[in-house]
Amino acid sequence: MITHLLTDHTGVEVIGVDLTTPMNDEIKSELIAAFHRHLVLVIRDQILDPQQMLDAVRLFGEVFTQHNKRFSLTNCPQIHYLSNEDHYADGNRYIPGAGYHTDHSNAPEPPKATVLFARSLPETGGDTQFVNMYSAYADLSDEVKLKIADLRAVHVYQSRHSVRKLMVLTESDNKNVPNSVVHPLVRTHPETDRKALYINPIRIEAIEGLLEPEALALLDELLTHATQEKYQYRHKWRLGDLVMWDNRCLLHKANDDYDMTQLRYLYRVMLKGDKPI
Ligand SMILES: [Fe+2]
């Protein structure tokens with residue numbers, strides 16, 4: 001196994017691992033350590049069918065049930081797909097993942113990790129951008145850190161403040177999704193014990209104890225700060241990339257800057273996480 005850092009703060013490329021073959025404990029520990037240290041693991045050159053992807057991902061944790069079953073693969077329902085070929089009811093194209101967010105933060109125990117496997121990619125564009133929320137938190141002024149230390153945000157399936165609109169849930173999916181959950185704005189990572197900013201412009205509806213204009217101004221300020229280029233790793237996809245990232249200390253977004261006549265199609269699995277504290 002060979003690793004290369006992708007930036008000096010976020011992302012590591014892994015070469016020479018075949019996820020379809022049994023992995024010894026040493027390599028597994030190295031991968032887990034690399035994941036906790038670098039937050040985005042890019043495992044290159046994989047050839048995986050859905051079941052093989054699921055088996056590989058289970059090395060890192062238990063599979064989390066994703067909310068919108070519409071995107072579930074028929075032959076392997078724990079895997080969902082991301083595609084640029086779906087449309088909203090009004091006929092407009094749906095681009096999953098546009099706009100910075102962290103996955104499924106409206107769950108009481110949001111997924112610790114999301115894993116994507118690229119099956120079909122546009123010739124150019126469609127990168128996934130990540131920002132490091134440990135660094136973003138660490139660089140906040142003491143004054144802001146003090147201000148947000150005990151604040152808690154209300155997360156819902158889709159915030160009414162969100163610029164991006166999600167696909168509507170079916171009635172049966174909706175039953176499995178909580179109305180709202182409350183999570184701290186600053187969370188401590190259960191594995192690394194490091195503090196990270198935990199915000200999500202798509203899901204946060206309110207901040208407890210703050211009036212709406214004040215809450216929105218604060219969230220805007222934090223998002224603008226956190227999404228600066230200096231905190232970013234931008235992943236340019238290659239076929240065969242399996243990318244696993246840590247939702248507890250990153251935001252991510254997909255880009256819609258490519259030729260939409262070219263298919264962008266990836267498998268997605270999420271892994272169970274803890275209640276943010
Ligand atoms: Fe996402």
Side-chain angles (χ1 to χ4, degrees), residues 10-11 35 39-42 53 57 60-61 63-73 78-86 88 93-107 109-119 121-122 125-133 136 153 155-159 161-169 173 177 181 183 187 196-205 219 223 226-227 231-237 241-258 264-273 276:
T10 306
F35 175 64
L39 324 185
V40 184
L41 273 188
V42 177
M53 179 189 182
V57 166
F60 300 97
V63 174
F64 174 96
T65 304
Q66 301 180 52
H67 287 166
N68 195 337
K69 303 242 177 340
R70 164 186 177 144
F71 302 109
S72 181
L73 298 188
Q78 286 177 298
I79 297 187
H80 284 209
Y81 70 85
L82 302 179
S83 165
N84 61 335
E85 292 196 334
D86 283 297
Y88 292 104
R93 191 184 293 274
Y94 171 67
I95 302 297
Y100 274 110
H101 64 283
T102 178
D103 285 335
H104 284 44
S105 68
N106 58 315
E109 295 178 343
K112 67 175 182 180
T114 299
V115 191
L116 297 185
F117 178 57
R119 293 301 310 266
L121 296 169
D127 301 346
T128 302
Q129 287 163 265
F130 299 92
V131 282
N132 186 318
M133 300 301 267
H155 295 242
V156 297
Y157 177 70
Q158 177 168 279
S159 166
H161 312 300
S162 173
V163 178
R164 173 160 79 95
K165 298 301 170 207
L166 302 174
M167 282 286 194
V168 176
L169 291 173
D173 282 344
V177 176
V181 296
H183 296 312
R187 67 181 294 183
L197 198 52
Y198 193 62
I199 54 174
N200 189 350
I202 295 173
R203 313 274 193 191
I204 293 182
E205 184 81 343
L219 289 169
L223 185 70
T227 54
Y231 302 128
Q232 185 189 113
Y233 164 60
R234 182 170 184 137
H235 183 64
K236 291 189 183 303
W237 287 92
D241 281 353
L242 181 125
V243 174
M244 177 166 110
W245 69 81
D246 195 325
N247 282 311
R248 299 165 291 191
C249 47
L250 292 167
L251 294 182
H252 64 278
K253 71 168 178 175
N255 268 277
D256 58 359
D257 59 347
Y258 54 96
R264 184 177 186 274
Y265 184 95
L266 304 98
Y267 293 150
R268 180 171 79 172
V269 179
M270 294 182 184
L271 295 177
K272 284 184 184 173

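Computed from heavy atoms alone, side chains included, the values below leave out hydrogens, waters and symmetry copies. Atoms within a ligand are numbered from 1 in the order they appear, just like the ligands themselves.
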Counting no waters, what protein N/O/S atoms lie under 2.8 Å from the Fe ion (ligand 1)? His101 NE2, Asp103 OD1, His252 NE2
Qualifying residues under salt bridge (Lys or Arg N to Asp or Glu O under 4.0 Å), relative to Asp127, sequence neighbours excluded: Arg234, Lys236
Donor + acceptor pair across side chains of His235, Asp241 (<3.5 Å): yes
Would you indicate whether the side-chain heavy atoms of Trp245 and Asn247 approach each other to under 4.5 Å? yes
Parallel, tilted or perpendicular, as decided by the 30° and 60° cut-offs, for the rings of Tyr81 and Tyr265: parallel
Please check: side-chain N/O of His252 versus main-chain N/O of Thr102, any donor-acceptor pairing under 3.5 Å? no
Identify whether the distance between the nearest side-chain nitrogen and carboxylate oxygen of Asp256 and Arg93 falls below 4.0 Å. no
